[in-house]
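Shown next, in structure tokens, is the structure this report addresses.
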Amino acid sequence: MLRLIPALFLFPIPQVLAEPTYRLFVTNEAGDSVTVVDSRTGEVETTVDVGDRPRGIGFSPGRERVYVALGEENAIGVINTATLEIERKVPAGSDPEAFAVHPNGTIYLSNEDDGVATALDPESGEILAEIKVGLEPEGVGISPDGEQVLVTSESSNMVHVISVADNKLVANILVGARPREVAFSPDGRFFWVTSEVAGHVSKVDRSTNRIVAVNRRLRREINPRVKPKGIVLSPDGTRLYVSLGRGNAIAVMDPETLELQGSVPVGVRVWGLALSRDGSRLYAANGPDATVSVVDTASLKEIATIPTGEMPWGVVLDD
Amino acid sequence: MGTIGTSRIVTLFSRPSPRDKGALAFAVAVLAATSLAPSAAGADFALAYVGPESSPALRGIQLGIDESNIQGEFLGVQLALVKAEHQAVPSGAIAIFADSLGTIPDLAAKSGGRAVFNLSDGSDALRAACLPNALHVHPSDRMKADAVAQWRARNPGARVSAAAWHGRAVKFAARDLNNRYRNRFGTDMDQLAWAGWFAARAVGDTLMRDPGADAASLLLSLKEADGLDGQKGDPHSFRASGQLRQPLVLVDVDGKLLGEAPVRGAAGGLDSLGTSPCE
């Protein structure tokens with residue numbers, strides 16, 4: 001049986017998805033592996049030795065493949081979602097860290113030590129474009145209409161806005177120090193960005209590329225160790241979940257005002273986040289703890305922890 | 001988008017000048033004429049360095065200015081470095097970086113209220129002086145002593161010293177910065193180089209956010225900033241004393257990196273290192 005992604009989220013062409021495996025995939029940065037978990041039982045199914053320094057992780061548009069950025073191998077590892085075989089490794093420029101997959105299949109990735117973003121066709125292996133961005137590019141996001149790519153540069157404190165049509169920069173937005181990740185509103189009007197060292201979460205109006213709201217208070221409201229990193233929006237658009245690194249918690253925020261609605265204590269140095277399709281479960285990677293927390297979003301409680309490999313970094317769920 | 005080459009540096013001849021502003025214009029003109037870096041003539045801000053030519057602090061400043069200019073390429077703001085003598089800092093420079101032991105109070109007094117970055121002097125008395133425009137990036141002797149004491153409380157008898165930076169640190173984004181410095185200069189980044197780099201990046205980032213800044217508003221913004229990035233994980237900020245609040249590294253007698261201070265769980269966090277007599 002095939003599923004269609006609801007048209008709301010979408011790219012004009014409806015994507016045909018493979019039958020879900022309900023597998024949770026976790027990159028283990030220091031373990032050089034991907035932990036595969038059956039999300040229905042919470043049991044670890046297997047651990048795939050994927051290569052050197054896996055960080056960013058994401059699905060192909062149809063979810064038949066799991067892509068993993070292998071920083072020390074200068075490649076994207078391609079795992080078959082169903083068979084868990086490593087099908088190939090595609091050269092991806094120097095030190096790929098994070099990426100997003102365009103609905104047309106192109107991978108947009110950040111090459112951390114080169115200061116560029118790369119557009120890569122994972123099928124042909126062709127590098128379609130290299131776009132010069134700031135220092136230590138990190139988080140990558142693709143607008144819901146597929147027309148723009150955002151790349152954060154951690155050491156230049158900017159979000160770069162790239163036009164997909166011609167791979168040119170259309171805006172460079174200064175935000176708080178060490179921007180890490182972005183998330184879009186489903187209608188594409190806004191995006192949010194985490195700033196790890198500044199401790200901020202900012203909201204940007206995409207029609208003007210200007211910051212329209214910032215929460216600078218998270219360290220006072222939660223704890224002084226807060227370092228915002230991962231960010232996801234609930235499917236109904238009413239909550240932002242932000243992982244707080246050494247703050248050892250997840251912030252729950254109003255996407256409109258960025259007011260704090262609550263926080264959920266999880267493990268140590270929480271980074272990667274993934275939500276279930278129905279929004280009921282939030283998964284969070286706790287690096288030094290070598291666990292993934294499972295959070296029930298109705299009660300905002302951690303209800304389970306799942307063991308992973310060393311230093312889990314990113315999480316995705318095929319549901 | 002072109003790449004940024006080497007830092008724009010020009011040696012300011014220490015000739016008497018009726019107006020320091022003229023001296024800066026002269027320096028930039030010399031630089032343009034010798035085509036070391038023609039675009040420096042069009043720089044938006046000049047920053048002055050006072051100290052030895054051979055200092056690692058100068059190399060750190062060069063890297064920091066180049067990195068600020070990479071940031072500035074996207075925003076249309078560029079910085080240039082002017083090498084100055086202690087007695088002839090051009091008035092056109094918006095901030096002053098100094099690797100100059102014992103002379104910070106004099107420089108600060110003569111700078112007309114501009115930010116003077118202390119990159120190498122650890123004197124506690126200098127912090128206790130609460131100079132309004134001195135920004136001490138170099139850790140105070142007290143901070144280093146506290147870091148060592150925290151470490152020894154957990155590792156009795158350990159022979160360690162504390163520093164602002166280690167050239168082989170990899171945690172947080174130290175790896176990235178150490179690689180950039182080593183690729184550029186062929187040597188490890190030490191704490192003086194880090195201090196120079198940090199000062200240049202802090203000034204650069206502040207000016208990028210407010211290209212209309214003058215020396216006074218720059219100093220105020222720097223003193224109010226609470227999330228400056230030193231690539232050491234924690235946010236950096238300046239205490240009322242002008243001392244940079246920052247984590248330190250602990251190093252053994254062979255120069256090997258042992259760990260960081262504050263040690264995990266130390267009460268007071270970054271303020272467990274050093275005192276803040278002006279607060």
Side-chain angles (χ1 to χ4, degrees), chain A residues 30 53 71-72 94-95 97 112-116 130-138 151 153-161 168-180 195-200 211 214 216-220 223-228 245-246 268-269 287-288 311, chain B residues 1-4 63-64 66-77 170-180 182-183 197-198 201-202 204-211 224-237 245-247 262 264-272:
Chain A
R53 203 177 183 203
E72 299 285 326
S94 179
D95 195 18
E97 175 165 8
E112 185 174 29
D113 66 3
D114 260 4
V116 299
E130 283 188 343
I131 303 113
K132 188 179 184 305
V133 292
L135 290 170
E136 298 175 40
E138 161 100 13
V151 178
S153 49
E154 285 186 88
S155 186
S156 293
N157 301 336
M158 278 187 278
V159 179
H160 304 278
V161 182
K168 295 262 192 290
L169 289 168
V170 296
N172 303 283
I173 307 161
L174 272 172
V175 296
R178 209 149 270 275
R180 298 290 307 250
S195 290
E196 183 178 39
V197 164
H200 299 171
I211 296 171
V214 188
R216 298 181 170 84
R217 306 175 303 273
L218 293 173
R219 292 196 171 120
R220 292 197 292 279
N223 68 57
R225 301 285 294 167
V226 158
K227 289 196 220 164
R246 286 279 174 184
V268 172
R269 204 224 62 188
M311 295 299 259
Chain B
M1 214 60 71
T3 53
I4 292 284
L63 183 67
D66 286 355
E67 293 188 357
S68 290
N69 283 338
I70 289 174
Q71 185 185 23
E73 271 193 79
F74 298 103
L75 304 164
V77 179
V170 297
K171 281 180 74 175
F172 312 112
R175 178 207 312 252
D176 302 274
L177 177 56
N178 273 327
N179 286 343
R180 295 200 294 268
R182 201 176 301 115
N183 290 341
W197 170 87
F198 176 84
R201 290 300 311 270
D205 193 64
T206 307
L207 293 174
M208 298 299 159
R209 289 170 197 277
D210 181 12
E224 287 180 345
D226 63 359
L228 297 170
D229 187 9
Q231 308 223 170
K232 295 199 271 184
D234 289 316
H236 294 26
S237 54
R245 194 180 273 119
Q246 61 181 306
R264 193 148 285 155
L270 291 180
D271 281 334
S272 67

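Per chain, numbering begins at 1; letters A, B, ... match sequence-line order.
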(request) For chain A, find which of B:Gly233, B:Ser68, B:Ala225, B:Gly230 contributes the most heavy-atom pairs closer than 4.5 angstrom. (result) B:Gly233

(request) Identify which of B:Leu177, B:Asn179, B:Asp205, B:Asn183 forms the greatest number of heavy-atom pairs closer than 4.5 Å to chain A. (result) B:Asp205

(request) Heavy atoms only, distances under 4.5 angstrom: which of A:Glu154, A:Arg225, A:Arg53 has the most pairs with chain B? Name it, please. (result) A:Arg53

(request) Select, from A:Asp95, A:Asp113, A:Leu135, the one with the greatest count of heavy-atom pairs under 4.5 Å involving chain B. (result) A:Leu135

Compare all side-chain heavy atoms of [X] with those of [Y] and state whether any distance is below 4.5 angstrom.
{"X": "B:Leu75", "Y": "A:Leu174", "result": "yes"}
{"X": "B:Gln231", "Y": "B:Phe198", "result": "no"}
{"X": "A:Val161", "Y": "A:Leu169", "result": "no"}

Can you say whether [X] sits under 4.5 Å from chain B via the side chain, the backbone, both, or neither, judging by heavy atoms?
{"X": "A:Glu196", "result": "neither"}
{"X": "A:Ser155", "result": "both"}
{"X": "A:Arg216", "result": "neither"}
{"X": "A:Val175", "result": "backbone"}

(request) Over all heavy atoms of both residues, which pair between B:Arg245 and B:Leu270 is shortest? Give the atoms and the distance, please. (result) CG-CB, 3.7 Å

(request) Report the C-alpha distance between A:Arg178 and A:Glu138 in whole Å, list the side-chain angles of each, state the deciding distance to 0.1 Å, and finish with yes or no for salt bridge (Lys or Arg N to Asp or Glu O under 4.0 Å). (result) CA-CA 9 Å; A:Arg178 209 149 270 275; A:Glu138 161 100 13; over 6 Å; no

(message) Holding to side chain to side chain donor-acceptor pair (under 3.5 Å), I want the full list of residues that pass it with A:Asp114, two or more places apart in sequence or in another chain.
(response) none

